[in-house]
*Asks:* 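A single structure is presented below for examination.
Order of listing sets the numbers, starting from 1, for every ligand and every atom in it. Numbering of residues begins at 1 and proceeds along the displayed sequence.
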Amino acid sequence: MSNKLVLVLNCGSSSLKFAVIDANNGDEVISGLAECFNLPDARIKWKFNEKKESTSLPEYSAHSAAIIFIVEEIIKKVEGLEAQFIAVGHRIVHGGEKFTESVIIDETVLEGIEQCSSLAPLHNPAHVLGIKAAQKAFPTLTQVAVFDTAYHQTMPAKAFLYALPYNLYKEKGIRRYGMHGTSHLFVTNEAAKALNKPVEETNIISAHLGNGASVTAIKNGQSVDTSMGMTPLAGLVMGTRCGDIDPSIIEHLIEREGYSLKGVMDMLQKQSGLLGISGLSSDFRDIEQNYEKGHEGAILAVDMFAYRLAKYIASYAVPLGRIDAIVFTGGIGENSVRIRTKVLDNLAIFGYQIDADKNKTAILGEAGIITADNSPIAMVIPTNEEWVIAQDSAKLVSA
Ligand code: AMP
């Protein structure tokens, strides 16, 4: 271990993911999850030195109680660990147009994060709670905010605007912001290294495929277009989110089918995507198992997922002109041999040809090129958002 440890916190509305990361090399010293906040069975699990532990938290615990537990019962119990901490890095979902890069948190930044709550009503208020609790627990450590949206602030207006009355953007901030920025940034840097090119000259299409999924066009190392929108609901088919739909469907369901607005939004967020199409599960492993058994819903869900992603990738030929590589990352992108095959088959018009053996090898954390020697390049790069947060925190502390 080094003296450059960062506690990385990712506070959701009812859970908190945490990790202690060595900013020098990305090594994960501790990782864990506190969940079921505000419920009687609030609990926490963590991993340290390959040993997994779990316990219940006091009834109805929330962010503050979880952070106190992490500090008092996990970090302080490892001799000499706390002394090696240099910062706490917070993953923040929405930074609006205010935040174009990671920043040290002060009162103004905290207010800014609170002001962006209207754009991420489930996430940003939870981040604020987490920051306040971490400030109390570590009063002498620098707290850093790393924004999911920041990397996409390089998009040009023609890509980030919706074709709505312009004042909705100017006065109300209605625009595409994009998400998963830390992941897309990480794989861009890694892809440039793998391609042996300076990142400022690297053009890739990065497909982050997890429970949430987004695809980004990256030109000369910068985001120029992305599939998520003002919120994470837009774009690809996701675990439970619908991705792109005709907005008139919402009016139709409310006016003609008796849905409430809340009911429709709940359906679009939590009952659609892979879950909605398959009728089975939002978890891609379940979907693939059922695909193999010939389940019609699972087959359709996989085909829709791959087709929608391939269409997005094809459309990003427009802003990029030249594509150095397609990069697959996230739980599905890093592991699903089938999805990668189907996506590249859908892109055969561009000359992509999968190498079945290389594709099979690039799973479970293995990076690598998965296309044939005479094909344009597609590769797998396991993402590491926590390391980006730790590195940004370390840079800001030393600056
Ligand atoms: P993430 O949000 O990046 O953690 O990704 C979660 C998604 O990745 C879930 O849908 C998982 O089912 C999927 N996933 C994880 N491991 C595998 C695997 N070995 N094969 C296929 N999908 C996987």
*Asks:* Does any N or O atom in His208 lie less than 3.5 angstrom from one in ligand 1, N or O only?
*Replies:*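 No.
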
*Asks:* Tell me whether Ile205 shares a hydrophobic cluster with Val237, the cluster being built from Ile, Leu, Val, Met, Phe, Trp, Tyr side chains joined at under 4.5 Å.
*Replies:*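 Yes; tracing contacts between hydrophobic side chains, which count when under 4.5 Å, links both residues.
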
*Asks:* Enter the distance from Ile339:CD1 to Leu209:CG here, rounded to the nearest 0.5 Å.
*Replies:*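 It comes to 7.5 Å.
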
*Asks:* Report the nearest protein non-hydrogen atom to atom 13 (C) of ligand 1: residue, atom name, distance rounded to 0.1 Å.
*Replies:*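 Answer for atom 13 (C) of ligand 1: Ile332 CG1, 3.7 Å.
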
*Asks:* Heavy-atom count check: over 12 atoms from other residues, nucleotides or ligands less than 6.0 Å from Glu296 CD?
*Replies:*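 At most 12 heavy atoms, drawn from other residues, nucleotides or ligands, come within 6.0 Å of this atom.
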
*Asks:* Going by distance only, is there an N or O of Phe284 that falls short of 3.5 Å from an N or O of ligand 1?
*Replies:*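 So ligand 1 has an N or O lying under 3.5 Å from an N or O of Phe284.
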
*Asks:* Atom 4 (O) of ligand 1: protein heavy atom closer than 4.0 Å?
*Replies:*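 Neighbour list for atom 4 (O) of ligand 1 is empty of protein heavy atoms (cut-off 4.0 Å).
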
*Asks:* Would you say ligand 1 has an N or O under 3.5 Å from any N or O of Asp283?
*Replies:*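 The answer is yes, given that Asp283 and ligand 1 share an N or O pair closer than 3.5 Å.
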
*Asks:* Quick one: does Thr231's side chain get under 4.5 Å of His123's, heavy atoms only?
*Replies:*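 Not in contact.
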
*Asks:* Any nitrogen or oxygen of Gly331, main chain or side chain, under 3.5 Å from a nitrogen or oxygen of ligand 1?
*Replies:*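 So ligand 1 has an N or O lying under 3.5 Å from an N or O of Gly331.
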
*Asks:* Establish whether Trp387 and Phe48 are linked, either directly or via other cluster members, by ILVMFWY side-chain heavy-atom contacts under 4.5 Å.
*Replies:*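 In one cluster with Trp387: Phe48, no.
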
*Asks:* Starting from atom 19 (N) of ligand 1, locate the nearest protein heavy atom and write down its residue, its atom name and how far away it is, to 0.1 Å.
*Replies:*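 That would be Asn335 CB, 3.4 Å.
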
*Asks:* Just need the protein heavy atom nearest to atom 21 (C) of ligand 1, so name the residue and atom and give the distance.
*Replies:*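 Sorting protein heavy atoms by distance from atom 21 (C) of ligand 1 puts Glu288 OE1, 3.6 Å first.
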
*Asks:* ring-ring contact (aromatic ring centres under 6.0 Å, His included) for Tyr177 and His152? Distances and angles first, verdict last.
*Replies:* CA-CA 7 Å; Tyr177 290 95; His152 299 298; over 10 Å; no

*Asks:* Between CD1 of Ile332 and CZ of Arg285, what distance do you get to the nearest 0.5 Å?
*Replies:*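 Rounded to the nearest 0.5 Å, the CD1-CZ separation comes to 9.5 Å.
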
*Asks:* Considering the heavy atoms of Gly210, write down every atom of ligand 1 situated less than 4.0 Å from one of them.
*Replies:*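 So the atoms of ligand 1 that pass are 1 (P), 2 (O), 3 (O), 5 (O).
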
*Asks:* Where is the nearest protein heavy atom to atom 2 (O) of ligand 1: which residue, which atom, and how far?
*Replies:*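 Among all protein heavy atoms, the one nearest atom 2 (O) of ligand 1 is Asn211 N, 2.9 Å.
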
